[in-house]
Amino acid sequence: GQQVMQIPQYQHVQEGEDFTTYCNSSTTLSNIQWYKQRPGGHPVFLIQLVKSGEVKKQKRLTFQFGEAKKNSSLHITATQTTDVGTYFCAGADSWGKLQFGAGTQVVVTP
Amino acid sequence: EAGVAQSPRYKIIEKRQSVAFWCNPISGHATLYWYQQILGQGPKLLIQFQNNGVVDDSQLPKDRFSAERLKGVDSTLKIQPAKLEDSAVYLCASSLWAGRYEQYFGPGTRLTVT
């Protein structure tokens, strides 16, 4: 079945630095979604990518969908303490079923 | 717009007991999902409803878990009997329709089985 893997599992970042988290699927995806979960909270939708090679930006966050629609990345520039949390990618199959990755837990040190 | 409501927020039970969770999705959302999230892992889909029909329940342990969505609105998830490994957060989510629509998650129910 479909598997979605994320790396790294943990990301320790100093405030102001950039980092990237990666998401890889074993199968071609219909679309990919990214969610953020703050400590003790629930996942909150960030963005959806549908087209091959698509790039979308949200302020300091840049999301990219691979050409083969099997991988994606999230790049955060100038990390802030508000970026703390776990970032999940979720790959959707043609039926809309989401397979979540294990997430990248981001810790920001001032 | 009201979000996805879930209750209870916390539940502690002993193994072999039964428990039920309730979810009220966002009004007008046709698709409802139940996820299990074990600490340190991503949400794992247990069951997906489209209106009041089941779309996917391939990862639902049917010998002990059951779910229903009567009248295509709110839903209940039941575990009977509970096992220690069922300790997790149970998240309900809804979306306008299945497929290319974002999912809105409720606050979750934290279940501890002792």
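A, B, ... follow the sequence lines: proteins, then strands. Residue 1 opens every chain.
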> Do side-chain atoms of B:Tyr104 reach the backbone of A:Phe45 as a donor and acceptor pair under 3.5 angstrom?
Replying inline: no
>> Given heavy-atom pairs under 4.5 angstrom as the criterion, report whether the side chain, backbone, both or neither of A:Gln37 touches chain B.
In response: side chain
> If contact means a heavy atom pair closer than 4.5 Å, which residues of residues 69-86 of chain B contact chain A?
Replying inline: none
>> Looking at chain B, which one of A:Leu46, A:Val4, A:Val50 has the largest number of heavy-atom pairs inside 4.5 Å, strictly under?
In response: A:Val50
> Which answer fits B:Tyr35, side chain, backbone, both or neither, if we ask what part of it has an atom under 4.5 Å from a heavy atom of chain A?
Replying inline: side chain
> chain A contacts: which residues in residues 49-68 of chain B have a non-hydrogen atom closer than 4.5 Å to it?
Replying inline: B:Asp56, B:Ser58, B:Gln59
> How many angstroms lie between OG1 in A:Thr86 and CD in B:Gln37, if you round to the nearest 0.5 Å?
Replying inline: 8.0 Å
> What are the two closest non-hydrogen atoms of A:Gln48 and B:Tyr101, and how far apart are they?
Replying inline: OE1-N, 3.8 Å
> How many angstroms lie between atom OG1 of B:Thr31 and atom NZ of A:Lys97, to the nearest 0.5 angstrom?
Replying inline: 14.5 Å
>> Can a side-chain donor-acceptor contact be found between B:Gln103 and A:Gln33 if the only test is distance below 3.5 angstrom?
In response: no
> Checking B:Gln48 against chain A: side chain, backbone, both or neither under 4.5 Å from a heavy atom?
Replying inline: side chain
> Got B:Pro43 and A:Tyr35 here, is their nearest side-chain heavy-atom distance under 4.5 Å?
Replying inline: no
